[in-house]
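Some notes on the structure that comes next.
Keep in mind that this is a model prediction, so the values were computed, not measured. The basis for the numbers below is simple: all heavy atoms, side chains too, and nothing from hydrogens, waters or symmetry mates.
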Amino acid sequence: MSSTGTDHHTPTALIIGASRGLGLAMVTEFSDRGWNVIGTVRDATSRTALHDLADRSGGRVSVEHLDINEPGHLVPLYERLAHRRLDLLFVNAGTANNEETPIGAVPTADFVEVMITNALSPMRVIEALEDLVSPTGLIGAMSSGQGSITNNTTAGREVYRGSKAALNMFMRSFAARQAETQRAFALLAPGWIRTALGGPHAPFTVEESVPLLVDVLLSRLGTPGLAYLDRSGETVPW
C-alpha cells in the first residue's frame, strides 16, 4: 500500500526515534513503499544511519532533531513541520532497567527514567504534534506485549512492563478524548526482536519484523478508534 486512497497525494509519515533499530527500519520500509518519511534523531550533533538513508533517498526521507525527554524541543519541531500534512505519526521510543530487579528494589532514579521515556514522553510528543496529523490519519506508539496486564504470568522486567502498561492506559485516555474523530490509533506489540533493547538472543530479526509492523499500521488507516495489536495484527489483551 503506497497511499491513503488518493491518486495524487504522496502520504507522509513522521517516525519519532529513527536513528537505529526498529525506527530506522520503519523509515526505510515506509520509504520503500512510496511514502515521504520524516525521522527524528536524539543527538543533533552526530551523524547516523538515518542521515545516510536521507542522503540517498532523493528527497523522500528527511531528518529532524528531537530528544523526547526534552519538552522544550517539541514546539520548535512543531513549527518546523507546520507546513507538512502527516498521514501517520508513530512514536518509537523505549528504554529499560535491570530486568531482574523486583519493583520494590528498583532505585527511584531508574524508575523515573523508564517511566518518563516509555510512557510520559511519548504522550507529550503525541499531544504536541497531533494537530499536524490528517483528520483521517493514524497516531500510534510502540508498546510491548509485556505491557499486557492480562498476559503477565511470569513477572520480570517489572518497571518496563509497568511503563508500557502506563503507555497503553494513556493512549486509551487520549483516544477516548477523540472518540468522535475519524482518526485511527494504534499500539504495537512487536514481539522480542534483536535490537539494542531486545538483545542478541531475541528470536526475531528487525528485517523480518518491520514489514509486518508496517502492514499492521497500514491496515489500521481508515479505521477509527484504538487497537492494541501484535505483529500479525491480532488483538493483544489489555
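A pairwise comparison of heavy atoms in G147 and Y228 identifies C-OH, 3.6 Å as the closest pair. Looking at every heavy atom in both residues, V27 comes nearest to A18 through CG2-CB, 3.6 Å.
The shortest distance between side-chain heavy atoms of S232 and L212 does not fall below 4.5 Å. With a 4.5 Å cut-off on side-chain heavy atoms, T12 and V37 do not count as touching. Contact annotation: the side chain of E70 never approaches that of R42 to less than 4.5 Å [non-hydrogen atoms, C-beta and beyond]. Residues L53 and T48 form no side-chain contact, since every pair of their non-hydrogen atoms from C-beta on lies 4.5 Å or further apart. Counting only heavy atoms from C-beta outward, the side chains of L81 and L77 approach each other to under 4.5 Å.
L86 and I15 are not part of a single hydrophobic cluster, where members link through side-chain heavy atoms under 4.5 Å apart. Both L14 and I126 are assigned to one and the same hydrophobic cluster, defined by single-linkage of ILVMFWY side chains at heavy-atom distances under 4.5 Å.
In this structure, L167 CG and M123 CE are separated by 7.0 Å, a value rounded to the nearest 0.5 Å. Rounded to the nearest 0.5 Å, atoms CG (L74) and OG (S121) are 8.5 Å apart. In this structure, CG on N92 lies 10.0 Å from CG on L24, to the nearest 0.5 angstrom. Put simply, CG on D215 and CD on E29 are 7.5 Å apart, with the number rounded to the nearest 0.5 Å. For the atom pair CG of L218 and CZ of F30, the computed distance is 5.0 Å after rounding to the nearest 0.5 Å. A distance of 9.0 Å separates CZ of R157 from OG of S163, quoted to the nearest 0.5 Å.
Other residues, nucleotides and ligands contribute only 12 or fewer heavy atoms inside 6.0 Å of the CD1 atom of I149. For CE of M115, the number of neighbouring non-hydrogen atoms (other residues, nucleotides, ligands) closer than 6.0 Å is greater than 12.
In this structure, the side chain of R220 engages the main chain of T223 through a donor-acceptor pair within 3.5 Å.
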List the atom pairs, donor and acceptor, that lie under 3.5 Å between side-chain atoms in residues 135-145 and the rest of the protein, sequence neighbours left out.
from	atom 1	to	atom 2	distance (Å)
T136	OG1	S134	OG	3.2
S143	OG	N168	OD1	2.7
S144	OG	Q146	N	2.9

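N69 and T117 share a donor-acceptor pair across their side chains, judged by distance under 3.5 Å alone.
Aromatic ring orientation, F174 versus F185: perpendicular (interplanar angle above 60°, classes split at 30° and 60°).
Scanning for salt bridge (charged side-chain N to carboxylate O under 4.0 Å, His left out) contacts around D67 gives an empty result, with sequence neighbours left out. Partners of E64 according to the salt bridge (charged side-chain N to carboxylate O under 4.0 Å, His left out) rule, which considers only residues two or more places apart in sequence or in another chain, are R80.
Checked for salt-bridge contact, D32 and R60 miss the test: no charged N lies under 4.0 Å from a carboxylate O.
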